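So the structure is just underneath, and the comments pick up after that.
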Amino acid sequence: MNMKLKRTIGQFFLGLVGMATMVSCSEDFPGNIESDKFTDLKSIKIVNAGASGTEVLEGNIDENTKTITFPRLDTLSDFSNIKFEAITSEGAQLEKDVVAIPYESGKTQTDIYLKVTNLPRFKEYRAVIRFKVPIYGANFDAPAVYDFSKNDLGNDIYPSFVTANTRGSGFDGKHVLVIERGGLGPHLLEVEKLKNNVTTPIPLNMTGVIGGTLTINMGAQVHGHSYIANLSGGAASPLKIYHWASPSQTPDVVIDINVATLADAGPRHGDTFSINLDKNGNGYAFFMSATGKIIRIKIENFKTGSEPTVLAPRINYEQWGHFSQIGTTESYILSGHSQPLSLVNNAGSISYTVKAGSLPGSFSDVKIFTFNGHRYMLGITVPRNSETSGATLYMYNITSGENIVDALTALEQTAENGKVAPHEFSYNLVTALSISPGTQAGYYIEKDATGKDEKLLIYGATTQGGFAVIEFGRGVAED
C-alpha cells in the first residue's frame with residue numbers, strides 16, 4: 001500500500017474518531033436551555049412580630065450576597081411561628097412562609113435560610129435575624145486609633161522609642177508615661193492631645209533620682225500617679241521605686257531595697273515592673289528576675305513601700321514577666337514571653353495555667369477586666385523571638401464562665417487544629433524583633449455622667465516599636 005493511500009485511510013479514521021468525540025461530548029454536556037422560571041426575591045417582610053403578633057418588619061435584600069437583614073425582632077415574638085410575606089418573580093414562591101426561628105437567651109442574632117422556588121429552579125437567601133436584646137461589651141467595628149508606632153497606618157514612631165533608650169512606659173487613660181534614658185528624659189504625654197496628633201512632653205522632676213545599675217528603666221502610670229524604678233543588676237545594686245503625684249514635684253522614694261538582704265532574691269530586677277493599686281493607692285508592686293524569683297512590695301497611700309518579700313512560683317516567667325491583678329480581687333495573672341499565662345494569688349501560688357498553643361506565642365502583660373457587661377482579656381506579644389510576628393495587641397472576649405478558670409477553659413476550647421483561640425481585636429505595632437523587649441499593655445474605662453461604661457481605651461508599647469492608644473465605644477444596637 002502506497003504512502004498516499006495510508007494517509008487517506010488514516011485521515012478517514014481520525015475523522016470518525018473526531019465525530020464520535022463530538023457526539024459523546026454533546027451527550028455528556030448538554031447546552032444551556034433557556035427558562036422563564038425566575039426565582040428572584042423582590043421584597044419580603046415579617047408580618048407577625050412582637051408580643052401582639054401584629055408588628056411588621058420590612059426586610060432589606062442584598063441580591064449580590066443573597067442576604068436579607070431585618071430590624072431587630074422583639075424577644076416576646078412567637079418564634080415558633082414567624083410568618084413571612086414576599087413578592088417574587090412571576091410563578092415563584094417561598095418554599096415555607098411560616099418558620100420556627102431558634103432563640104436562646106443571651107444571643108443577639110441567628111441565621112436562617114429561605115428558599116424561593118419556581119420548579120424546577122430555586123434560589124436560597126440567608127436571613128439574618130437580630131434580636132431586640134441589650135447589647136453589651138465594646139464596639140470593635142469602629143475603633144479610633146492614635147498610632148505613634150512603626151505601623152505604617154499611623155503617625156511616625158514617637159522619637160523617644162526609636163532607639164533602645166526607652167524600655168518602659170505607662171498608661172492610665174489620661175497620660176502616657178515615657179521613661180526615656182537620655183534625650184528628653186522621663187516625661188508624660190496627654191492622651192487628649194495625642195488624639196489631635198500633638199506630642200508636647202511634660203517632663204518629670206528628676207531631683208534626687210540616683211543609684212542602681214541603671215538610674216531609671218521601668219515604671220507605670222496609675223490613677224494619675226507616676227512611678228519609675230531603676231535597674232538593679234546585682235545584689236550590690238540598690239532597687240528603688242520613685243513616685244510623682246504631679247510631674248513637677250520632687251519625687252518620693254517609695255522604697256530603697258538592699259537586694260543583698262533578701263535571701264534567694266536572685267540577680268537583676270527592674271527589666272519589668274508591675275504595680276497594682278486601688279483608688280486609695282494601696283496594693284502591691286512586683287519585680288521579676290531571670291531565676292524566676294519575684295520581689296513583692298507592699299504599697300500604701302501611693303507613696304509608702306514596705307515588706308519586700310521573695311516569691312518563688314513553680315513556673316519561671318523570667319525577668320520580662322508581668323504580675324497583674326484582676327480588678328480588685330485576690331487573683332492575678334502571671335505572664336511573660338517564655339511561658340503560657342497562669343492564674344495566681346499575690347503570693348505567686350499557681351492555680352491554673354493555660355495550655356501552650358492556645359494563645360499567641362510570647363503573649364504577655366495580660367490584663368483581665370470587665371467593660372459594659374463583658375469580660376475581656378488584653379495582652380501584647382513580646383517581639384523577642386520567632387514565636388511571634390513582633391509586638392501585637394490582642395483582645396479576647398472571655399465572658400463565658402462563672403469564674404476566671406471557667407472563662408480561660410472555655411477560651412482554650414476554641415483553639416482547634418493547631419490554631420490559637422479566635423480574638424475580638426488585634427493591632428500590630430512592629431514586626432521586627434528586639435533583644436531588649438520592654439513591652440507593655442494597658443487599659444482605661446471612661447464612664448458617662450450616670451456612671452455607666454462609655455469608652456474603652458487600650459494601650460500598647462514596645463522598645464524600638466513605639467506605642468498606640470486605641471479607643472472603642474460601647475456596643476450599640478443598630479437597625
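Remember, predicted model here, so these are calculated numbers, not experimental data.
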>> Taking salt bridge (Lys or Arg N to Asp or Glu O under 4.0 Å) as the definition, give me every residue that meets it alongside Lys193, ordered by chain and number, with sequence neighbours left out.
In response: Glu190

> Judged by modelled atom types alone, do Asn197 and Asn155 share a side-chain donor-acceptor pair under 3.5 Å?
Replying inline: yes

> Between Phe131 and Tyr103, does the ring centre distance come in under 6.0 Å?
Replying inline: yes

> Could you give the distance from CG (Leu41) to CD1 (Ile61), rounded to the nearest 0.5 Å?
Replying inline: 4.0 Å

> Would you say the ring centroid of Phe171 lies under 6.0 angstrom from that of Tyr444?
Replying inline: no

Kindly list each side-chain donor-acceptor pair under 3.5 angstrom involving residues 51-60, sequence neighbours excluded, with atom names and distances?
residue	atom	partner	partner atom	Å
Ser52	OG	Thr54	N	3.4
Ser52	OG	Thr54	OG1	2.7

>> Using ring centroids (six-membered ring only for Trp), state whether Tyr394 and Tyr376 fall under 6.0 Å.
In response: no

> Side chain of Ser335, backbone of Val366: donor and acceptor closer than 3.5 Å?
Replying inline: yes

>> Quick one, Ser342 and Ile333 - any side-chain contact, counting heavy atoms below 4.5 Å?
In response: no

> Got a donor-acceptor contact below 3.5 angstrom from the Arg375 side chain to the Ile398 backbone?
Replying inline: yes

>> Restricting to non-hydrogen atoms, name the atom on Ser169 and the atom on Ile179 that form the minimum distance, rounded to 0.1 Å.
In response: N-CD1, 4.2 Å

>> When you measure from the side chain of Asn151 to the backbone of Asn428, do you find a donor-acceptor pair of N or O atoms at a distance under 3.5 Å?
In response: yes

> What's the shortest heavy-atom distance between Pro102 and Ala100, and which atoms?
Replying inline: CD-O, 3.8 Å

Identify each donor-acceptor pair in which a side-chain atom of residues 461-470 lies under 3.5 Å from a protein atom, sequence neighbours left out, and give them as a table.
residue	atom	partner	partner atom	Å
Thr462	OG1	Thr439	OG1	2.9
Thr463	OG1	Thr166	O	3.2
Thr463	OG1	Ser436	O	3.2
Thr463	OG1	Gly438	N	3.3
Thr463	OG1	Gly438	O	3.3

>> Between Ser358 (side chain only) and Glu412 (backbone N and O only), is there a donor and an acceptor less than 3.5 Å apart?
In response: no

>> Do Phe369 and Ile326 have side chains that approach each other closer than 4.5 Å (heavy atoms only, starting at C-beta)?
In response: no

> Considering all heavy atoms of both residues, which atom of Asp74 and which atom of Phe79 are nearest to each other, and what is their separation?
Replying inline: O-CZ, 3.6 Å

>> Which heavy atom of Ser77 sits nearest to which heavy atom of Gly50, and what is that distance?
In response: OG-N, 2.8 Å

> Got Ile202 and His175 here, is their nearest side-chain heavy-atom distance under 4.5 Å?
Replying inline: yes

> Just how far is it from atom CG of Leu411 to atom CD1 of Ile404, taken to the nearest 0.5 Å?
Replying inline: 11.5 Å

> In this structure, are over 12 heavy atoms from other groups packed under 6.0 Å from Lys419 atom NZ?
Replying inline: no

> Is the backbone of Val405 close enough, under 3.5 Å, to the side chain of Thr409 for a donor and an acceptor to pair up by distance?
Replying inline: yes

>> I'd like to know whether Lys83 forms a salt bridge (charged side-chain N to carboxylate O under 4.0 Å, His left out) with Asp97, so could you lay out the CA-CA distance, the side-chain angles of the two residues, the decisive distance to 0.1 Å, and finally the verdict.
In response: CA-CA 6 Å; Lys83 186 175 182 179; Asp97 58 6; 5.7 Å; no

>> If the threshold is 4.0 Å, N to carboxylate O, is there a salt bridge linking Lys123 and Glu63?
In response: yes

>> For a quick check under 3.5 Å, do Thr108 and Tyr136 share a side-chain donor-acceptor pair by atom type?
In response: no

>> Does Ile435 have more than 12 heavy atoms from other residues, nucleotides or ligands lying within 6.0 Å of its CD1?
In response: no

> Without hydrogens or angle criteria, can the side chains of Gln221 and Ser226 be said to hold a donor-acceptor pair below 3.5 Å?
Replying inline: yes

>> Any side-chain to backbone donor/acceptor pair from Thr272 onto Gly321? Under 3.5 Å, distance only.
In response: yes

>> Under a 3.5 Å distance rule, please check whether Asp40 uses its side chain to pair with a backbone N or O of Lys42 as donor and acceptor.
In response: no

> Arg474 pairs by side chain to side chain donor-acceptor pair (under 3.5 Å) with which of Asn372, Asn139, Asp448?
Replying inline: Asp448

> Is Lys66 atom NZ crowded by more than 12 heavy atoms from other residues, nucleotides or ligands, each under 6.0 Å away?
Replying inline: yes

> Which atom pair, heavy atoms only, marks the closest approach of Pro340 to Ala356?
Replying inline: CG-CA, 3.8 Å

> What pairs with Glu471 under salt bridge (Lys or Arg N to Asp or Glu O under 4.0 Å), at least two apart in sequence or on another chain?
Replying inline: Lys195, Lys455

> Going by an N to O cut-off under 4.0 Å, is there a salt bridge joining Asp111 and Arg126?
Replying inline: yes

> Taking the side chain from Tyr227 and the backbone from Met218, do they hold a donor-acceptor pair closer than 3.5 Å?
Replying inline: no

> With sequence neighbours left out, what residues match Lys367 under salt bridge (Lys or Arg N to Asp or Glu O under 4.0 Å)?
Replying inline: Asp365

> Got a donor-acceptor contact below 3.5 angstrom from the Asp172 side chain to the Leu177 backbone?
Replying inline: no

>> To the closest 0.5 Å, what do you measure between NE2 (His243) and CD1 (Ile275)?
In response: 8.5 Å

> Between Tyr443 and Tyr459, is the gap from one ring center to the other below 6.0 Å?
Replying inline: no

> Side chains of Tyr317 and Ser364: is there a donor and an acceptor less than 3.5 Å apart?
Replying inline: no

>> Within a 6.0 Å radius of atom OH on Tyr352, are there more than 12 heavy atoms belonging to other residues, nucleotides or ligands?
In response: yes

Would you tabulate the side-chain donor-acceptor contacts of residues 277-285 under 3.5 Å, counting partners in other chains and residues two or more places apart, or write 'none'?
residue	atom	partner	partner atom	Å
Asp278	OD1	Asn280	N	2.9
Asp278	OD1	Gly281	N	3.0
Asp278	OD1	Asn282	N	2.9
Asn282	OD1	Asn301	N	2.9

> What's the shortest heavy-atom distance between Arg167 and Asn217, and which atoms?
Replying inline: CG-OD1, 3.7 Å

